[in-house]
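Here the structure comes first, spelled out in structure tokens, and everything after it is commentary.
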Protein chains: 2
Amino acid sequence: MHEILEQHIRSKLGKDTEGLEEVISYFKPIQLKRNDYLLREGELCRHCYFIVDGAIQVFTVDGAGNETTRDFILEENWLMEISSFLQQVPSKEFFRAIATSQVLAVSRDHFMELSARFPQFEKMYRQILELSYSHSVYRINTFVSMDALERLRWMMDNQPKLFTRLSSKMIASYLGISPETYTRLKGKL
Amino acid sequence: MHEILEQHIRSKLGKDTEGLEEVISYFKPIQLKRNDYLLREGELCRHCYFIVDGAIQVFTVDGAGNETTRDFILEENWLMEISSFLQQVPSKEFFRAIATSQVLAVSRDHFMELSARFPQFEKMYRQILELSYSHSVYRINTFVSMDALERLRWMMDNQPKLFTRLSSKMIASYLGISPETYTRLKGKL
DNA sequence: ATAAAGTCTTGACATTTGTCAAGAGTGGCC
DNA sequence: GGCCACTCTTGACAAATGTCAAGACTTTAT
């Protein structure tokens, strides 16, 4: 498990990876079954997660119990609830495993320590932030300007992998529509 | 103009601001009138901007000419088109002044140089990324899960300042609805 | 000062999307 | 193997939102 994280970090940083073994030693493995939670609304996000294998659904729940998915995080990607993690305020989001998953978690305290001690770790963190931010800007622009059918087409063009791994219900919650509407849109493609 | 940037950086970094004067010297002033553009779709985003005074609309335009606003950037905030700036690919967004504005711009090359030479500058950049990212996560969750009236109420609760400075048309484009729908929603408040 | 352009509102109507209900199919679990 | 919970689909209808057109009003440019 840790080897995959090691390879991932090397691919981001190149050769200059002094202290990499120590950095990795702070990550603790977590095994998740389908529908296990990594984080629930109201809890503090005390860890930064690296998804080694599997898939995590990041979603919110409104007063009527409707789930809306902000993102799906697949293997070899990073995950945290940024405002809860940084400011230690209650999370608005849930993180739930879609399938059996292996995750590596580093605590907030260790994360801060590693950022301070290893400039290369901080650099990688910055890269993750840049990617996550530009990804979310994309999602905002897509979502706000397109209707449901356009969003579905966009998802098919840009995230085709997701269709092979998600239920229809989950795809609908990512598109921000009801499952019934999703069923009907499929007929219009 | 530069004094405001200096104060802003000090407020973010505290006392440890060695080299601050040199950092600031790389920022060049730009004056904008209403409806002047800082960036257009298709151009490369070659600068990082600090808004000293005024307001900038960040928006996209679809095939039918409809404008959708991702964000309004007011004075004492930072602005860039992150994916265009980092990867030097064409921008998907427009940046346009809503009112007379004063902006300080640092070129991409200088920005990279400053990040490399001044750890404190890099730290501030990271803070800006963290804030921008958590802000955009909020916007996604708000937008995807709420209907138009709920989004309007959310905006009134969380961004009340904007109403004093924006036309109805702009507010509608931020809410992702037509101006007519916005007019009607106001009656339901 | 005046004309032109743009904004805001309102009404009528079309389209999109949601809600509720029912039934067929699917997969997990004992 | 059989039951249970869940998903997916379909139909009927309701609610939300968009589009188009018109008129009053405001702002901008000359």
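Naming: A, B, ... by sequence-line order, numbering from 1 per chain. Computed from heavy atoms alone, side chains included, the values below leave out hydrogens, waters and symmetry copies.
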Between B/Arg10 and B/Glu6, does a salt bridge (charged side-chain N to carboxylate O under 4.0 Å, His left out) hold up when you go through it step by step? CA-CA 6 Å; B/Arg10 284 190 198 284; B/Glu6 188 178 329; 3.0 Å; yes
Does OP1 or OP2 of C/dG18 have a side-chain N or O of A/Thr181 closer than 4.0 Å? yes
Taken to the nearest whole Å, CG/A/Leu185 to P/D/dC8 is 15 Å
Quick one: B/Lys169 NZ to D/dT19 P, roughly how many Å, whole number? 14 Å
Give the rounded distance in Å between these two atoms: CG of B/Leu175 and C1' of D/dT17. 13 Å
Can you tell me how far P of D/dG18 sits from CD of B/Glu67, to the nearest Å? 16 Å
Less than 4.0 angstrom between a side-chain N/O of B/Lys186 and OP1 or OP2 of C/dT9, yes or no? yes
Could you check how far CE of B/Met170 sits from P of C/dT7, rounded to whole Å? 8 Å
Taken to the nearest whole Å, CD/A/Glu180 to P/C/dT17 is 14 Å
Tell me the interatomic distance from A/Ile177, atom CD1, to D/dT9, atom P, rounded to whole angstroms. 12 Å
If we only count heavy atoms from C-beta on, is the A/Lys12 to A/His8 side-chain gap below 4.5 Å? yes
Going by the angle between their ring planes, with limits at 30° and 60°, are B/Phe27 and B/Trp78 parallel, tilted or perpendicular? perpendicular
Reading DNA chain D from 5' onward, which residue's closest nucleotide shows up sooner: A/Pro179 or B/Lys188? A/Pro179
Ignoring hydrogens and geometry beyond distance, is a side-chain donor-acceptor pair present between A/Thr69 and A/Gln57 at under 3.5 Å? yes
Separation of A/Tyr182 atom OH from D/dC8 atom C1', in whole Å? 11 Å
N or O in side chain of B/Ser178 less than 4.0 angstrom from D/dT17 OP1/OP2: no
Does B/Arg34 place a side-chain N or O at less than 4.0 Å from the phosphate oxygens OP1/OP2 of D/dT28? yes
Taking the six-membered ring for Trp, are the ring centroids of A/Phe111 and A/Phe121 within less than 6.0 Å of each other? yes
Picking from D/dG11, C/dC8, D/dT17, which would you name as closest to the side chain of B/Asp147? D/dT17
Nearest to side-chain heavy atoms of B/Arg184, which nucleotide of C/dA12, D/dT17, C/dT9: C/dA12
What contact category does A/Gly176 fall into here, base, sugar-phosphate, or nothing, at under 4.0 angstrom with non-hydrogen atoms? sugar-phosphate
